[in-house]
Number of protein chains: 2
Amino acid sequence: MAADPLSRVFSALADPTRRDIVGRLAAGDATVNELAAPYDVTVQAVSRHLKVLGDAGLVSRSREAQRRPVHLEAEVFDLMTKWIERYRRQAEERYRRLDDLLRTMPDEEEPTPPQTGEPR
Amino acid sequence: MAADPLSRVFSALADPTRRDIVGRLAAGDATVNELAAPYDVTVQAVSRHLKVLGDAGLVSRSREAQRRPVHLEAEVFDLMTKWIERYRRQAEERYRRLDDLLRTMPDEEEPTPPQTGEPR
DNA sequence: GTTGTGTTTAACCGAATGGTTGAACAAGGA
DNA sequence: TCCTTGTTCAACCATTCGGTTAAACACAAC
């Protein structure tokens with residue numbers, strides 16, 4: 001398993017089945033058996049998917065008799081959005097500054113070489 | 001490689017080295033050799049990381065003589081943030097409605113069983 | 001107790017991943 | 001032309017991953 005939390009979250013959501021599980025948990029808690037029903041994989045496979053999501057902090061479990069309902073923990077999403085927004089903003093800022101530069105010095109010479117007289 | 005774009009993006013960012021590369025590219029374009037310098041892996045390994053980022057649509061390449069500068073394509077971030085926000089909002093909405101429910105019916109009986117008279 | 005239901009763990013398998021070294025390819029400069 | 005620099009491709013290796021089946025565990029009900 002990945003060492004850092006961000007890698008765990010991104011890695012957990014890199015699987016379409018796990019993303020689908022997260023999507024369904026957003027509508028309400030569910031048990032492993034309920035979650036496994038729509039897929040044609042074993043319930044054991046889904047149990048392991050839930051372990052991955054749990055290790056990433058995306059879901060938590062509780063206990064109701066034999067059942068262990070799964071609950072979505074949406075706070076971890078912030079970890080990702082913060083990382084993403086940081087670099088998106090930085091890239092946009094860089095783009096804006098380049099744009100300004102090009103607009104404030106319009107008399108600069110073109111990158112075209114100064115025409116050293118090769119005959120055409 | 002993963003079939004769907006979302007899996008490719010999440011998977012690409014699940015690796016800390018690749019996230020670091022993205023972070024550095026947010027500050028400006030760079031070549032493979034420049035990007036590889038800080039890490040103690042071969043330049044071939046970094047080249048493959050860039051292939052993964054490219055397949056995810058996170059970076060693009062151009063050509064300057066022998067060099068092939070890498071450029072960050074930040075638009076793909078939207079794919080992730082849209083997915084995340086969708087379910088975050090849904091989960092928060094669900095939480096809010098549950099909260100309302102609990103507030104509007106405060107006279108409901110507690111989940112505690114009705115005390116059937118076992119002697120203590 | 002035993003039986004039954006829900007869930008996780010263990011052991012295995014094939015495919016994918018991230019690293020290596022060595023060879024090949026692309027473009028400029030002597 | 002040959003040489004140097006920058007980059008990618010090919011082959012290999014160890015590890016991880018997502019799936020399986022079979023066994024173990026947790027709790028309820030009988």
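Bear in mind that the values here come from a model prediction, so they are computed numbers and not experimental data. Letters A, B, ... are given to chains in the order of the sequence lines, protein chains preceding strands, and every chain is numbered from 1.
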>> Distance check needed: dT21(D) C1' versus D40(A) CG, whole Å only.
In response: 16 Å
> Considering only dG28(C), dT20(C), dC27(D), which nucleotide approaches the side chain of A65(B) most closely?
Replying inline: dG28(C)
> Within this structure, what is the CZ-to-C1' distance between R68(A) and dA28(D), rounded to whole angstrom?
Replying inline: 16 Å
>> With nearest nucleotide decided by heavy atoms, which residue, Q66(B) or V43(A), maps closer to the 5′ end of DNA chain C?
In response: V43(A)
> With nearest nucleotides of DNA chain D determined for M1(A) and L50(B) from heavy-atom distances, which residue corresponds to the more 5′ nucleotide?
Replying inline: L50(B)
>> I need the L58(A) CG to L50(A) CG distance, nearest 0.5 Å.
In response: 11.0 Å
> In whole angstroms, how far is the P atom of dT8(D) from the CG atom of L53(B)?
Replying inline: 12 Å
> Below 4.0 angstrom, N of the basic side chain to O of the carboxylate: do D29(A) and R67(A) qualify?
Replying inline: no
>> Using a strict threshold of under 4.0 Å (side-chain N to carboxylate O), is an ion pair present between E93(B) and R97(B)?
In response: yes
>> Can you identify which nucleotide, out of dG6(D), dT21(D), dG19(C), has its nearest atom closest to the V41(B) side chain?
In response: dG19(C)
>> Between E92(A) and R89(A), does the salt bridge (charged side-chain N to carboxylate O under 4.0 Å, His left out) criterion hold? Intermediate values first, please.
In response: CA-CA 5 Å; E92(A) 278 167 1; R89(A) 218 174 301 127; over 6 Å; no
> In whole angstroms, how far is the C1' atom of dT8(C) from the NE2 atom of H49(A)?
Replying inline: 15 Å
> Do R48(B) side-chain and dG19(C) base share a donor-acceptor contact under 3.5 Å?
Replying inline: yes
> Quick one: L35(A) CG to dG6(C) C1', roughly how many Å, whole number?
Replying inline: 13 Å
>> Rounding to an integer number of Å, can you tell me how far K51(A) NZ sits from dA10(C) P?
In response: 11 Å
> Out of dT8(D), dT20(D), dT7(C), which has the shortest distance to the side chain of T31(A)?
Replying inline: dT7(C)
>> Closest approach to the side chain of T17(A), judged atom by atom: which nucleotide of dT20(D), dG6(D), dG19(D) is it?
In response: dG19(D)
>> Tell me whether Y95(A) at atom OH has more than 12 heavy atoms from other residues, nucleotides or ligands lying less than 6.0 Å away.
In response: no
> R61(A) has an atom CZ; how far is it from atom C1' of dG6(C), in whole Å?
Replying inline: 11 Å
> Roughly how many Å is it from CG in D15(B) to P in dT17(C), rounded to a whole number?
Replying inline: 12 Å
>> With a 4.0 Å cutoff (strictly under), does any side-chain N or O of S47(A) reach OP1 or OP2 of dT8(C)?
In response: yes
> Do the side chain of Q44(A) and the base of dG18(D) come within less than 3.5 angstrom through a donor-acceptor pair of N or O atoms?
Replying inline: no
> Which one, dC27(D), dT7(D), dT8(C), comes nearest to the side chain of R67(B)?
Replying inline: dT7(D)
> Do any side-chain nitrogens or oxygens of N33(A) fall under 4.0 Å of OP1 or OP2 in dT7(C)?
Replying inline: yes
